[in-house]
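Computed from a predicted model, the values in this text were never measured in an experiment.
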Amino acid sequence: MRILPAQLVLLASFLPLNGQEAIPKWEVEIPVLSDVPVSSAAEKPLPIEFSVLDSRTKCVEVNESPEMTGLPPVKGAINVTIQNVMDPGLPTPPPVLPALPPDDPAVTARLDELREAYHGTELVFLSATIYDKRRTLLRIYPNGGPNQAVEAWSNLDFMHFTGQGEYRIRYPDGTVQDIGLLMGVGAVDTSRTRAWVEQHGGRYEAAEIPEIAELANGGPAFVVVKGDADSPAMATLEQLHDLYRKEGARMEAAYHAREQVRAERRAYLTANPPKPGDVTIRFWKREPHLQPSIPSK
C-alpha cells in the first residue's frame, strides 16, 4: 500500500508510545442493520359502503413513470369517476391537543431529559465512484466544511454501504456520536465504458488508480490523493474503513440480499407489465353535528 504524507499523520496516531499498547481512538458500529430485507403489505381497511347520489365518469389516457428505471412506462386508458355520495358517518377526527404551558414542571423535566439523552447526528457528504466493483474513488465533504474535502482511493466496493444511512462512534471517554451519511454512489464498468467511447469515435482515458493492497490480502485500505491531514474528513475516512473491517461481511450480505429482491421484482414486472388502474373520487357533506370543533385561540 502506498502511503502519502496525509496518511503518515493518521498512521502515527495508532503507534504505541514507549512500548505501551495503543489505545483505540474509537469504536464504530451500525445502530441498525437489516441483514435480510423484509417486505410486508399493510392490512387493507374494511371497505366502506357508499350511497351514491350522482356520478360522472371520464376516460383519460395516462402515462406514468415505471417503478424501476429501464422498464417501459405504465400507460393506457383509465376511467376517472367522481361521485357525490351521502355522508358515510365516518368517526370524527380527534380534537387538536391543547398547547402545554412552557413552565409546566413535567414538560420542563421531560425536555431536559431529552436534551441530555439526545447526542445529535453529524452529517457527512460522501461521493463514491466504484470502478469494476474493486476500487472506489471517495470524496468526503464534512458538514459545513466544503473547503475541507478529502479525496482518496479505497479497495472497498462502496456499493455495500448503500442502504446504510448512518453509523455510530463510541469514544473512550464514553461519549457517543451518530454520523449520518448523505451519499452519492455510482458504478463504472471500465470495459463497457471503454467499448462505448471507442464505438462513438472517442478516446477512453482510464482513471489513474494508485496501488492498493487487495481487500482479501490486507483488509480495508485507502490511499489519500488530495486533502488536508487536519480535515475532519480524515477521521471519517478512517471510521468508514474501521466500520467495514468490523461489519463488512454483514454489509455485503445485506447488499446482495437487496439486489436479489430487486432482481426478482424487476423480473416480475417484466413478465407482468403493470397497467394503470381506474380512479374513483368521492366527496360528501358532513352533517352539522359531526363537524369537528375548532378550538378558540
Does any part of the side chain of Ile140, heavy atoms only, come nearer than 4.5 Å to the side chain of Phe125, both counted from C-beta? no
Can you find a pair of side-chain heavy atoms, one from Glu29 and one from Arg170, that are under 4.5 Å apart? yes
Is there a chain of hydrophobic side chains (I, L, V, M, F, W, Y, each step under 4.5 Å between heavy atoms) that links Trp284 to Ile48? yes
For a side chain to side chain contact (heavy atoms under 4.5 Å, CB included) check, start with the C-alpha distance between Val225 and Trp153, then their side-chain angles and the critical distance, and finish with the verdict. CA-CA 7 Å; Val225 294; Trp153 283 93; 3.9 Å; yes
Evaluate the criterion side chain to side chain contact (heavy atoms under 4.5 Å, CB included) for residue pair Met68 and Arg262; output intermediate values, then yes/no. CA-CA 9 Å; Met68 295 182 173; Arg262 186 179 290 109; 3.7 Å; yes
Pairwise distance CZ(Phe222) to CG(Leu156) - rounded to 0.5 angstrom: 10.0 Å
Which atom pair, heavy atoms only, marks the closest approach of Leu237 to Ala152? CD2-CB, 3.8 Å
Run the salt bridge (charged side-chain N to carboxylate O under 4.0 Å, His left out) test against Glu67 and tell me which residues pass, sequence neighbours left out. Arg265
With a sphere of 6.0 Å drawn around CE of Met86, does it hold more than 12 non-hydrogen atoms of other residues, nucleotides or ligands? no
Under 4.5 Å between side-chain heavy atoms, hopping through other hydrophobics if needed: is there a path connecting Leu269 to Val74? no
Can you find a heavy atom in the side chain of Glu151 that is under 4.5 Å from one in the side chain of Leu137? yes
Over all heavy atoms of both residues, which pair between Ala206 and Arg194 is shortest? Give the atoms and the distance, please. CB-NH2, 4.3 Å
Heavy-atom closest contact (Val197 atom, Tyr204 atom, distance): CG1-N, 3.8 Å
Any donor-acceptor pair under 3.5 Å linking the side chain of Asn155 with the backbone of Ala221? yes
Roughly how far, to the nearest 0.5 Å, is the CG atom of Leu53 from the CD atom of Gln83? 10.0 Å
Please give me the minimum heavy-atom distance between Arg286 and Pro93, naming the atom from each residue. NH2-CD, 4.4 Å
Distance-only donor-acceptor hits, side chain of residues 172-191, under 3.5 Å, sequence neighbours excluded:
{"residue": "Asp173", "atom": "OD1", "partner": "Thr175", "partner atom": "N", "Å": "3.1"}
{"residue": "Asp173", "atom": "OD1", "partner": "Thr175", "partner atom": "OG1", "Å": "2.8"}
{"residue": "Gln177", "atom": "NE2", "partner": "Gly120", "partner atom": "O", "Å": "3.3"}
{"residue": "Asp178", "atom": "OD1", "partner": "Arg168", "partner atom": "NE", "Å": "2.6"}
{"residue": "Asp178", "atom": "OD2", "partner": "His119", "partner atom": "NE2", "Å": "3.2"}
{"residue": "Asp178", "atom": "OD2", "partner": "Arg168", "partner atom": "NH2", "Å": "3.3"}
{"residue": "Asp189", "atom": "OD1", "partner": "Ser191", "partner atom": "N", "Å": "3.1"}
{"residue": "Asp189", "atom": "OD1", "partner": "Arg192", "partner atom": "N", "Å": "3.2"}
{"residue": "Thr190", "atom": "OG1", "partner": "Asp132", "partner atom": "OD1", "Å": "3.1"}
{"residue": "Thr190", "atom": "OG1", "partner": "Asp132", "partner atom": "OD2", "Å": "2.7"}

Quick one: does any side-chain atom of Arg258 pair with a main-chain N or O of Thr162 as donor and acceptor, under 3.5 Å? yes
Pairwise distance CE(Met159) to OH(Tyr255) - rounded to 0.5 angstrom: 4.0 Å
Is there a side-chain contact between Val150 and Asp228, using heavy atoms and a 4.5 Å cut-off? no
d(Ser154 OG, Ile209 CD1) to nearest 0.5 Å is 11.5 Å
Compare all side-chain heavy atoms of Val85 with those of Ser51 and state whether any distance is below 4.5 angstrom. no
Sequence neighbours excluded - side chain to side chain donor-acceptor pair (under 3.5 Å) pairs with any residue from residues 96-115: Arg110-Glu113, Asp112-Arg115
Partner residues of Gln260 under the side chain to side chain donor-acceptor pair (under 3.5 Å) criterion, sequence neighbours left out: Glu264
Do Glu238 and Lys25 touch side chain to side chain, with heavy atoms closer than 4.5 Å? yes
Would you find a donor on one side and an acceptor on the other, under 3.5 Å apart, between the side chain of Thr81 and the backbone of Thr280? no
CA sep, side-chain torsions, deciding dist, call: Asp278, Val80, side chain to side chain contact (heavy atoms under 4.5 Å, CB included): CA-CA 6 Å; Asp278 293 337; Val80 178; over 6 Å; no
Value for CG (Asp54) from CG (Asn84), rounded to nearest 0.5 Å, stands at 4.5 Å
Main chain of Ala213, side chain of Asn217: is a donor-acceptor contact present, judged purely on distance under 3.5 Å? no
Interatomic spacing from CD1 in Ile78 to CD in Glu64 - rounded to 0.5 Å: 7.0 Å
Could you report the tightest heavy-atom contact between Pro66 and Pro73, atom names first, then the distance? CD-CA, 4.1 Å
Residue pair Ile30, Met251: steps toward the side chain to side chain contact (heavy atoms under 4.5 Å, CB included) verdict: CA-CA 10 Å; Ile30 297 177; Met251 293 167 67; 3.9 Å; yes
Between the side chains of Arg135 and Glu214, is the shortest nitrogen-to-carboxylate-oxygen separation below 4.0 Å, so that they form an ion pair? yes
Indicate, with yes or no, if Val60 and Ile281 share a hydrophobic cluster defined by side-chain heavy-atom contacts under 4.5 Å among Ile, Leu, Val, Met, Phe, Trp and Tyr. yes
Checking Gln239, Lys246, Arg245 against Asp242 for side-chain hydrogen bond (donor to acceptor under 3.5 Å, both in side chains), the one that qualifies is Arg245
Ring pair (Phe, Tyr, Trp, His ring centres under 6.0 Å) contacts touching residues 82-106 (sequence neighbours left out): none
A side-chain contact here means heavy atoms from C-beta on lying under 4.5 Å apart; do Pro232 and Gln148 qualify? yes
Mind checking whether Tyr244 and Phe161 have side chains closer than 4.5 Å, heavy atoms only? yes
Ring pair (Phe, Tyr, Trp, His ring centres under 6.0 Å) contacts in which one or both residues fall within residues 165-198, not counting sequence neighbours: Trp196-His200
